[in-house]
Amino acid sequence: MLAIEVKELSKAYRSPLGIRRHEALKRVSLNVPNGQIISLLGPNGAGKTTLIKLLLGLLRPSSGGATILGERAGSMRSRCKVGYLPENLIVESHHTADSALIYWGRLNHISRGQSRVRREALLKQVGLSKWAHVPVRQFSKGMRQRLGLAGALLHDPEILILDEPTDGLDPKGRKEVRDLLFAAKEQGKTIFLNSHLLQEVEQISDQIAILDQGELKFFGPQSAMQIEGTLRVEFELRGSETEARAALDLYGEITWQPLAEAHFRVCLNLEDQAAVDQCIDGLRAGGISIVGLKQGTSLENIFLKIVRTSDSSTRKED
Amino acid sequence: MKPYLAVVLDSFHATAHSRILWVTVVLISVILLAIYPLSLNKVPADQSGAGLQLSYAGRDFGPAIQLPVATSDEVRGIALAWFMDHVVDLIVGFFGIFTALVVSCGVIPETYQTGSVELLLSKPLSRPLLFLAKFFGGCVFVSVNICYLILGLYFIIGLRWGLWDIRILVAIPVFIFYFMLLFSVSAIVGLFSRRAILSLFVALLFWGMCILIGNTKLAMEKLLPIDGKEDRISLIADSEDPNGLDKISGYGEDDRFWLSVYNYVILPIYTVLPKPLELDDTVQYFLDRRPGRGIAAPWSPVISSGLFLIVILGICCTKSLWAEY
């Protein structure tokens with residue numbers, strides 16, 4: 001049985017007087033197998049949140065339908081099997097992390113005793129053990145996100161739907177969340193997440209769905225994303241930073257990550273292999289040692305190309 | 001039902017943790033302490049009968065109230081009715097309900113705000129029951145305060161006046177119901193607009209309108225030169241004879257106009273609206289079998305107001321069931 005099955009799903013919003021109609025989702029179909037991490041990508045207004053809300057039953061489809069583990073999306077039975085973390089989670093200020101989990105557990109038909117065992121483990125997993133009895137009004141956004149994630153996992157759901165789970169987290173927090181998601185995946189859970197952080201998505205996703213203007217532009221594994229003219233190159237360099245910058249400045253946007261004294265990791269996007277060779281020549285000419293080299297297709301470039309392509313085709317149609 | 005009970009209790013905890021509970025508890029305690037020195041003592045009357053003297057902390061206020069009755073039971077009954085009319089109605093019926101509306105106006109809008117409602121509705125809960133749980137959660141907090149206040153008043157008049165009358169406690173469910181009526185208006189506005197201030201404003205406006213319509217109806221019944229009130233007016237209005245009013249009791253043009261206003265405007269609105277003021281009459285009826293404002297049956301304000309409450313909560317449940325978030 002598929003974890004999530006979406007068939008020809010459409011959603012149109014109407015203006016209050018019903019004069020204007022905006023199609024937020026257009027005949028989207030996708031099948032999500034069990035035990036995978038699926039990331040939903042798309043620019044603002046692409047229909048990502050609409051799709052998530054349709055899966056949770058917060059919105060009703062204009063046409064088509066969706067099922068979660070064989071149950072109609074949004075039905076009481078399907079909601080029992082889903083753990084959800086909203087994008088801007090608001091936890092009422094009278095709660096502590098512990099009391100919020102007790103409350104959410106009760107809403108998921110979990111007894112106090114059952115949730116006690118799970119919430120201690122979960123608070124430890126999300127790094128909030130020391131904050132269990134502190135009012136959530138004192139929490140940072142990242143801490144609230146981690147608490148929300150613990151809440152989503154509390155009733156041991158088979159499917160996790162997470163809207164920007166790493167939003168507001170520092171790099172350490174993001175790593176902890178990634179580890180948590182991998183652990184959940186190992187337990188056989190399906191994770192459907194919406195994220196703007198392409199680097200994160202690249203690291204954790206089994207499959208990627210790209211939505212743009214309500215249409216599903218791509219759905220499949222990262223390896224299936226083949227677009228010519230985009231190469232992501234990661235160099236590990238030793239030597240003078242000034243010389244290295246002089247050699248690489250020609251190639252546009254570069255990400256610098258200092259690792260140690262005169263030791264850097266540099267990421268840049270190049271057009272083809274000839275450009276990579278030229279870049280290596282330039283670095284060597286500047287007396288820079290190339291300690292490591294990784295090469296691949298940048299998800300960011302592919303994503304931008306897909307979105308731009310759809311944008312220009314829409315303009316042509318107009 | 002456990003998840004819904006959790007929602008009810010959570011609403012109570014939310015208000016308790018916001019210190020509003022403790023502020024109102026302190027406020028009620030201050031009111032009770034302020035009332036404690038108030039006494040209504042039986043004094044010898046000038047003529048036959050008895051008199052009642054109002055005093056505060058041993059100091060008399062105004063002349064004694066002359067009563068045409070003399071038995072202790074009758075005097076006690078009148079003292080009790082005076083207490084309910086002047087103290088309970090003012091403190092609970094006005095200040096108590098006003099404070100309760102201010103405190104509870106955020107319960108529904110906050111539940112349905114973005115970021116909060118999505119999480120709640122993603123849980124395996126029925127939407128109408130979730131709304132009702134939040135609504136009754138708002139009422140629990142107010143109920144605790146009303147119980148404290150009325151029990152406090154009960155003990156004060158028991159200790160100070162020697163009036164240990166359990167019937168005073170009828171005021172507890174009646175005033176909770178009174179609050180629920182106005183809170184339902186606040187809740188429906190909060191559900192549709194998700195704005196606490198607007199829901200409070202509309203609830204207060206609605207309260208004022210109910211009082212205005214109720215008092216207008218009473219005033220018109222007193223001022224219009226008719227006997228038999230509604231039945232008679234309906235009879236006249238239903239009559240196809242254009243001069244029917246004049247023939248029956250010599251009505252003039254003005255009377256005819258005001259009777260039409262009464263019959264076609266005031267009376268239908270009064271029938272549809274809840275009757276918070278007339279709920280006092282139900283309490284009075286149970287206290288001393290007085291007919292209050294002339295209502296025919298003590299339960300009629302409760303029944304008509306109850307129907308209003310059911311309709312409003314029904315609309316809210318339907319809205320919450322079909323709304324998209």
Side-chain angles (χ1 to χ4, degrees), chain A residues 11 13-14 24 49-50 52-62 71 73-96 99-100 102-112 115 135-137 144 148 151-152 154-155 157 159-161 163, chain B residues 1-23 103-104 106-134 137-138 140-141 192-194 196 318-325:
Chain A
K11 176 68 190 172
Y13 295 105
R14 285 180 183 277
T49 304
T50 300
I52 285 181
K53 286 185 171 182
L54 285 163
L55 291 176
L56 292 163
L58 298 173
L59 296 174
R60 277 185 303 283
S62 303
E71 304 288 350
S75 65
M76 198 82 94
R77 282 185 182 179
S78 79
R79 279 183 280 157
C80 285
K81 297 171 182 174
V82 173
Y84 171 58
L85 170 67
E87 186 182 356
N88 295 308
L89 173 70
I90 295 174
V91 187
E92 285 178 278
S93 57
H94 66 280
H95 279 299
T96 62
S99 72
I102 293 171
Y103 177 50
W104 292 335
R106 295 293 291 274
L107 298 185
N108 279 304
H109 305 266
I110 294 179
S111 71
R112 231 183 157 86
S115 73
V136 287
R137 61 176 173 268
R144 281 203 300 272
L154 186 68
H155 58 295
I159 293 176
L160 282 171
I161 297 179
D163 206 348
Chain B
M1 291 308 283
K2 278 182 182 173
Y4 304 104
L5 190 63
V7 175
V8 172
L9 292 176
D10 187 67
S11 301
F12 178 75
H13 288 148
T15 26
H17 276 78
S18 67
R19 296 191 193 135
I20 293 169
L21 176 71
W22 307 113
V23 170
V103 167
S104 58
V107 171
I108 298 295
E110 278 167 20
T111 304
Y112 288 89
Q113 69 179 309
T114 309
S116 182
V117 67
E118 290 92 341
L119 186 68
L120 272 177
L121 297 181
S122 73
K123 307 287 179 197
L125 300 170
S126 145
R127 286 186 181 196
L129 287 180
L130 177 68
F131 170 80
L132 291 176
K134 276 285 170 186
V140 167
F141 165 76
F192 278 86
S193 71
R194 302 189 205 180
T318 312
K319 161 75 180 166
S320 66
L321 185 63
W322 293 105
E324 293 192 321
Y325 297 97

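Below, chains carry the letters A, B, ... as their sequence lines are ordered, and counting in each starts from 1.
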Self-check item: Flag side-chain contact, heavy atom, 4.5 Å: B:E118 against A:L56
Solution: no
Practice problem: State, to 0.1 Å, how close B:D10 and A:E92 come at their nearest heavy-atom pair, and which atoms those are. | Solution: OD2-OE1, 3.3 Å
Quiz item: Do B:E324 side-chain atoms and A:L58 backbone N/O form a donor-acceptor pair below 3.5 Å?
Solution: no
Self-check item: Side-chain touch A:V82/B:S122, heavy atoms, less than 4.5 angstrom
Solution: no
Quiz item: Which pair of non-hydrogen atoms, one from B:L119 and one from A:P86, has the smallest distance, and what is that distance?
Solution: CD1-CD, 3.9 Å
Practice problem: Give, as side chain, backbone, both or neither, the part of A:Y103 having an atom under 4.5 angstrom from any heavy atom of chain B. | Solution: side chain
Quiz item: Do you know the tightest heavy-atom contact between A:L107 and B:P124?
Solution: O-CD, 3.9 Å
Self-check item: Heavy-atom contact with chain A under 4.5 Å, split by part of B:L5
Solution: neither
Quiz item: So which part of B:T114 gets closer than 4.5 Å to some heavy atom of chain A, the side chain, the backbone, both or neither?
Solution: backbone
Quiz item: B:A6 and A:R106: which non-hydrogen atoms are nearest, and at how many Å?
Solution: CB-CB, 3.7 Å
Practice problem: Could you check which of A:H155, A:M76, A:H95 has the highest count of heavy-atom pairs closer than 4.5 Å to chain B? | Solution: A:M76
Self-check item: Closest approach of B:K123 to A:W104 (non-hydrogen atoms, all atoms of both residues)
Solution: NZ-CB, 4.2 Å
Quiz item: chain B: which of A:E87, A:R77, A:K81, A:K11 shares the most heavy-atom pairs with it under 4.5 Å?
Solution: A:K11
